[in-house]
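Data block below; observations after.
In the text below, chain A, chain B and the rest are named by the order of the sequence lines, each starting its count at 1.
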There are 2 protein chains.
Amino acid sequence: MNGMSMNIGETARSSGVSAKMIRHYEEIGLIPKANRTDSGYRQYNGNDVHTLRFIRQARNLGFSIRQIEELLGLWRNQRRPSRKVKALALAHVEELDARIRELEAMKQTLQELAAHCHGDERPECPILDGLAAPGTVADPGAARRDVPRRLARAPKRASCH
Amino acid sequence: MNGMSMNIGETARSSGVSAKMIRHYEEIGLIPKANRTDSGYRQYNGNDVHTLRFIRQARNLGFSIRQIEELLGLWRNQRRPSRKVKALALAHVEELDARIRELEAMKQTLQELAAHCHGDERPECPILDGLAAPGTVADPGAARRDVPRRLARAPKRASCH
DNA sequence: ATCCGGGTTCCCATGATGGGAAGGTCAAGG
DNA sequence: CCTTGACCTTCCCATCATGGGAACCCGGAT
C-alpha cells in the first residue's frame with residue numbers, strides 16, 4: 001500500500017495532514033497538482049508524503065504558509081546556502097518571541113489586577129475597576145502583526161499511521 | 001461635544017474602539033442597539049464611551065468577545081461576588097500561559113535546530129533535515145483550542161482623543 | 001445488483017478586524 | 001439657495017488555516 005500509489009485518505013493518514021488540507025494546499029499552490037486516476041482520484045507516492053510531513057512539521061513550529069513556501073523552495077534546491085534557511089528560522093524565532101512577550105505582558109497585568117482582588121462574596125473588584133479605568137491596560141500598539149496565527153484549533157491528529 | 005450626545009466617529013475617537021467595531025459589537029449584541037436620530041445616525045453618550053473603553057481594555061488583555069460578555073455582565077451587576085470575576089481572570093491567565101508554553105516550545109525547538117546549522121554558503125542544513133525527519137517537532141497536540149486569537153493586526157489606534 | 005467506505009466538488013463557518021463602494025446627511029461658506 | 005466636504009448608513013469582501021457537511025461519483029467485496 002505504501003510502495004507506489006495511494007489515494008488521498010492513506011496519504012493523509014501517513015503524513016498527518018488531513019485530506020481537506022492536502023486539497024487546500026494543492027489549491028493554493030503550496031504543493032503541485034496531484035495526478036489523477038481516470039475517475040478523478042488524486043494519486044500520491046512516498047515522495048508526496050515526505051513533503052506533506054515537512055509541511056506539517058513546519059506548521060507545528062508556527063510557520064505560516066508563506067514561510068513554508070520559502071522553506072520548501074530551499075529544501076528542494078540542492079544548491080541553497082544554509083545561511084538563508086537559518087535566517088528564515090531565526091526571523092521566525094523573533095516573531096515567536098514578540099508574541100510571547102505580548103502574552104507575558106497581558107498575563108502580568110492580569111495577575112497584578114487579580115492579586116488585589118479579594119475573590120470573595122463581596123462585589124468590590126479591582127479587576128473590573130482596572131478594566132473600567134482608562135490607561136490601566138497597556139496598549140499592545142505596534143511591534144506585532146505578521147506572526148502567523150494558527151494554534152487556534154488542534155489539527156485533529158490524523159494518528160500518523 | 002462630550003456633554004451629551006455624539007455620533008459614532010467621536011465615540012470611536014474617545015473610546016479607542018473603531019467605528020467599524022462599534023457597529024460590529026452592536027450587531028453581535030455585545031452592546032445594546034444605539035438610539036438613532038431621525039436620519040438614522042447612531043447616538044452615544046459618556047456612558048457608552050465608558051463601556052467601550054472597558055471592552056477595549058479587556059480586548060487588550062486578550063479576552064475573547066464571549067469572555068467580555070461575561071465581564072460586562074459582572075461589571076453591571078452591583079451584587080456580583082468578586083470571586084466570579086477573579087475566577088474568570090485567573091482562568092484567562094491559564095489560557096495565556098498555555099499559549100505561552102506552546103510558543104516557547106516552538107521557539108525552543110527552532111533554536112535547537114538553528115544552533116546546529118552553520119548558516120554559511122554550504123547547502124547542508126540541519127534545520128531542513130529536522131523538518132523533513134519524522135518526529136523532530138513535537139506535536140502541539142491537545143491542551144490548546146479555546147484561547148482567543150486576536151493580536152493579529154494592530155487595532156490601528158484611534159489615538160484615544 | 002447492492003452496499004459501504006472511499007473519493008470529488010462546492011459552499012459555509014470560525015474570530016476580530018479592516019477595506020471599500022454606493023448613497024444619504026449635515027453644517028459651513030459662496 | 002446650492003455646493004462642498006466631512007460624516008454617517010448599509011452591504012459585501014478579505015484575512016488565515018481549518019473543519020463541517022451536502023450532493024454526488026467510484027470501486028471492490030458480497
Closest to side chain of B:Arg36, choosing from D:dT9, D:dT18, D:dG19: D:dT9

Side-chain H-bond candidate by donor/acceptor type, A:Glu112 with A:Gln108, under 3.5 Å: yes

N/O (side chain, A:Ser18) to phosphate O (OP1/OP2, D:dG19) under 4.0 Å: yes

Whole angstrom value for the distance that separates P of D:dT10 from NZ of B:Lys33: 10 Å

Rounded distance (nearest 0.5 Å) linking atom OG1 of B:Thr136 with atom CZ of A:Arg53: 11.0 Å

Which nucleotide in D:dT10, D:dG19, C:dA16 has an atom nearest any side-chain atom of B:Arg23: D:dT10

Separation of atom CE in B:Met21 from atom C1' in C:dA16, rounded to whole Å: 5 Å

Atom-pair distance (OH on A:Tyr25; P on D:dG19), nearest Å: 8 Å

Whole angstrom value for the distance that separates P of D:dC7 from CD of B:Glu10: 11 Å

Closest listed nucleotide, where the reference is the side chain of A:Ile8 and the choices are D:dT9, C:dT8, D:dA17: C:dT8

Touch class at under 4.0 angstrom, heavy-atom based, for A:Arg42 against every strand present: sugar-phosphate

Non-hydrogen atoms of A:Val17 and A:Arg56 that approach each other most closely: CG2-CB, 3.8 Å

B:Gln43 CD to D:dC8 C1', straight-line distance once rounded to whole Å: 11 Å

Shortest non-hydrogen contact from A:Ile127 toward B:Lys86: CD1-CA, 3.8 Å

With 3.5 Å as the limit, what N/O pairs link the protein to nucleotides 2-4 of chain C?
none

Expected output: side-chain A:Gln57 to main-chain B:Ala133 donor-acceptor under 3.5 Å: yes

Neighbour count >12 (heavy atoms, 6.0 Å) for atom CZ, B:Arg36: yes

Of A:Ala19 and B:His24, the one whose closest DNA chain C nucleotide lies more 5': A:Ala19

Dump every N/O contact between nucleotides 22-26 of chain D and the protein below 3.5 Å, one line per pair.
{"residue": "D:dC26", "atom": "O4'", "partner": "A:Tyr41", "partner atom": "OH", "Å": "3.2"}
{"residue": "D:dC26", "atom": "O3'", "partner": "A:Ser39", "partner atom": "OG", "Å": "3.4"}

Atom-to-atom span, CG of A:Leu30 to P of D:dT18 - whole angstrom: 10 Å

Protein-nucleotide distance (A:Ile22, atom CD1; D:dA17, atom P), rounded to Å: 17 Å

Donor-acceptor under 3.5 Å (B:Ser82 side chain, A:Cys125 main chain): no

Qualifying residues under salt bridge (charged side-chain N to carboxylate O under 4.0 Å, His left out), relative to A:Glu70, sequence neighbours excluded: none

Distance, rounded to the nearest Å, where A:Ile28 contributes CD1 and D:dT15 contributes C1': 13 Å

Beyond-backbone contact of A:Leu88 with A:Val85, side-chain heavy atoms, under 4.5 angstrom: no

